[in-house]
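To start, the structure under review is shown below, and the notes come after it.
We count ligands from 1, going down the list as the structure has it; atoms in each ligand are counted the same way. Here, residue 1 is the first one in the sequence, and each next residue gets the next number.
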Amino acid sequence: MALVFHGTVIHSLGPTELEILEDALLIVRADGTVQSLDAGVAKSSVPNLLAARGLDDEVRYLSRGEFLIPGFVDTHNHAPQYAQRGLGQSMHILDWLDNVTFPNEARFADVAYAERIYGACVDGFLRQGITTASYYGSMHADATNILADLCLKKGQRAFVGKCNMNRNAPDFYRDATVESSLGDTEKCIEHIRKIDPESKLLKHVLTPRFAITCDPELLQGLGQIAANNPDLPIQTHFNEAEQEMNFTKTLFPQFDNEVDLYNSYGLLNQRSILAHCCFVSEYELTQLKELGCGVAHCPISNMTVGGGFMAAPIREFLRRGIKVGLGTDSGGGFSASILDAMRQALVASNAREVMSQGRDKGLDLAEIFFLATLGGAQVCCLEDKVGNFRVGKHFDALLINSSRPGVMTMLEDWDSTRTIFDKFIMTGDDRNIELVFVNGRRVKP
Ligand code: GUN
Ligand code: FE
């Protein structure tokens with residue numbers, strides 16, 4: 001059975017290239033990949049065109065205010081923090097970890113609790129149109145495997161990582177030894193390879209929480225696993241806040257900066273997803289570009305619990321061709337919505353414009369949409385699979401309905417498609433995300 005849509009399709013071809021296709025005919029093969037996408041096809045000619053291709057599938061004709069966009073990619077998300085979103089606002093990062101986050105994440109030793117919260121988490125993010133998520137799990141292998149099972153069952157494309165942390169965390173919530181931390185990681189890698197052997201939806205992601213909670217032997221061991229498994233992505237928190245950067249320097253006085261630190265342990269390459277990157281020197285910018293690392297921009301947590309309270313230099317990353325996507329950073333970020341992250345990225349970029357005396361121009365809507373879709377796919381090295389509707393990619397898509405009751409700015413007869421799109425991006429919410437598809441499978445409602 002193929003899926004067939006006729007109507008407006010909007011996607012990104014690059015940071016500033018927003019493509020709006022009117023009267024588009026989009027056909028998805030039974031295997032979930034895009035078979036064809038043609039614009040300017042008269043509605044009346046669709047039945048004959050399909051017949052000529054031997055297709056007799058029902059066509060979903062989109063009406064005014066309805067359009068398809070690619071699914072959102074959340075490049076940085078803490079699944080166990082789904083239950084603590086919104087808590088501890090304005091705390092500096094290390095205080096927030098000690099007082100709010102570690103006690104919360106410790107509860108995931110209980111697999112029944114993990115099952116309940118992770119079920120709600122995956123459902124919740126799918127409802128928000130997040131078709132790909134890069135998740136930090138808790139430190140627990142069993143709970144992390146439950147998260148992977150749930151992503152597969154519910155149909156979300158995901159990176160799932162057991163969080164490695166063996167120091168500077170309370171006794172009740174840290175890996176007992178380097179060996180147990182690495183052993184649990186290997187168990188989680190095996191689990192995902194068993195349940196999704198072809199990596200259709202899932203990959204394990206190596207997840208040193210950050211250097212503060214990992215001693216050098218643990219970082220070394222994870223670097224070794226990365227070298228032995230070149231298919232695995234890697235994620236960590238990077239130059240998030242002054243409090244974090246200063247403490248990191250006291251633990252690793254031999255390194256001047258975090259690029260040299262993580263790189264020396266073999267953790268930086270084109271599969272690395274670095275969350276935050278709020279403070280980046282000229283040297284680090286050059287290195288990040290050369291190493292091919294991606295940035296998970298988390299504009300909400302950067303200004304709420306990141307402790308950096310900082311607008312990251314996104315314009316500079318784009319200027320240099322460093323990969324950038326968006327992260328909800330749920331629950332340091334209080335919102336599970338990528339639309340909220342997009343809007344905050346816009347706000348933060350305007351602050352950056354002022355801070356840089358106009359050098360780093362604020363982002364526009366095409367750019368924040370790129371970050372939420374194709375940019376995120378690039379950061380996750382999934383650009384050949386998702387991020388837009390190029391023929392051959394997997395159909396990860398959202399059907400937007402602008403007329404649903406909610407808070408989205410109402411449509412007027414004279415609105416252009418671009419105006420309707422702008423209204424959705426700036427004022428729509430999950431009520432306007434009517435259907436969600438991952439690899440052609442409907443995952444919402
Ligand atoms: N640094 C280390 N752990 C975390 C976390 O859970 N959230 C954020 N925002 N920063 C971190
Ligand atoms: Fe985070």
Centres of the His276 and His76 rings: under 6.0 Å? yes

Under 30°, 30 to 60°, or over 60°: which ring-plane class applies to Tyr265 and Phe255, parallel, tilted or perpendicular? perpendicular

Can an N or O of Thr101 be found at a distance shorter than 3.5 Å from an N or O of ligand 1? no

Take Arg320 and Glu282, measure what salt bridge (Lys or Arg N to Asp or Glu O under 4.0 Å) needs, and give me the verdict at the end. CA-CA 11 Å; Arg320 291 174 187 246; Glu282 175 60 35; 2.7 Å; yes

Metal site the Fe ion (ligand 2): N/O/S of Cys298 inside 2.8 Å: no

Do Phe395 and Phe5 have their ring centres less than 6.0 Å from each other? yes

Closest to atom 7 (N) of ligand 1 among protein heavy atoms sits Trp96 CZ3, 3.4 Å

Side chain or backbone of Val305 under 4.0 Å from ligand 1, or both, or neither, by non-hydrogen atoms? neither

With a cut-off of 4.0 Å, which atoms of ligand 1 are near a heavy atom of Leu97? 2 (C), 3 (N), 4 (C), 5 (C), 6 (O)

Measure up the Phe369 and Phe72 rings against each other and bin them: parallel (under 30°), tilted (30 to 60°), perpendicular (over 60°). perpendicular

For ligand 1, is His276 a contact, meaning one of its heavy atoms is under 4.0 Å away? yes

Is Tyr136 in contact with ligand 1, taking contact as a heavy-atom separation below 4.0 Å? no

Find out whether the Lys NZ or Arg CZ of Arg116 is both under 6.0 angstrom from the six-membered ring centre of Tyr118 and within 45° of the ring's axis. no

N/O to N/O below 3.5 Å, does that happen between Gln81 and ligand 1? yes

For His237, what is the atom name of its N, O or S atom nearest to the Fe ion (ligand 2)? NE2

Among non-hydrogen protein atoms, atom 3 (N) of ligand 1 lies closest to Arg209 NE, 2.8 Å

Ile212, portion touching ligand 1 at heavy-atom distance under 4.0 Å: neither

Measuring centre to centre across the rings, with the benzene-like ring taken for any Trp, is Phe125 within less than 6.0 Å of Tyr82? yes

Does CD in Gln287 sit with more than 12 non-hydrogen atoms of other residues, nucleotides or ligands closer than 6.0 Å? yes

Write out the residue and atom name of the closest protein heavy atom to atom 10 (N) of ligand 1, then the distance separating them to 0.1 Å. Glu240 OE1, 2.8 Å

Could you check Glu353 against Arg359 for salt bridge (Lys or Arg N to Asp or Glu O under 4.0 Å), going step by step and ending with a plain yes or no? CA-CA 6 Å; Glu353 180 171 335; Arg359 182 168 172 271; over 6 Å; no

What N/O/S atom of Asp329 is the closest to the Fe ion (ligand 2)? OD1

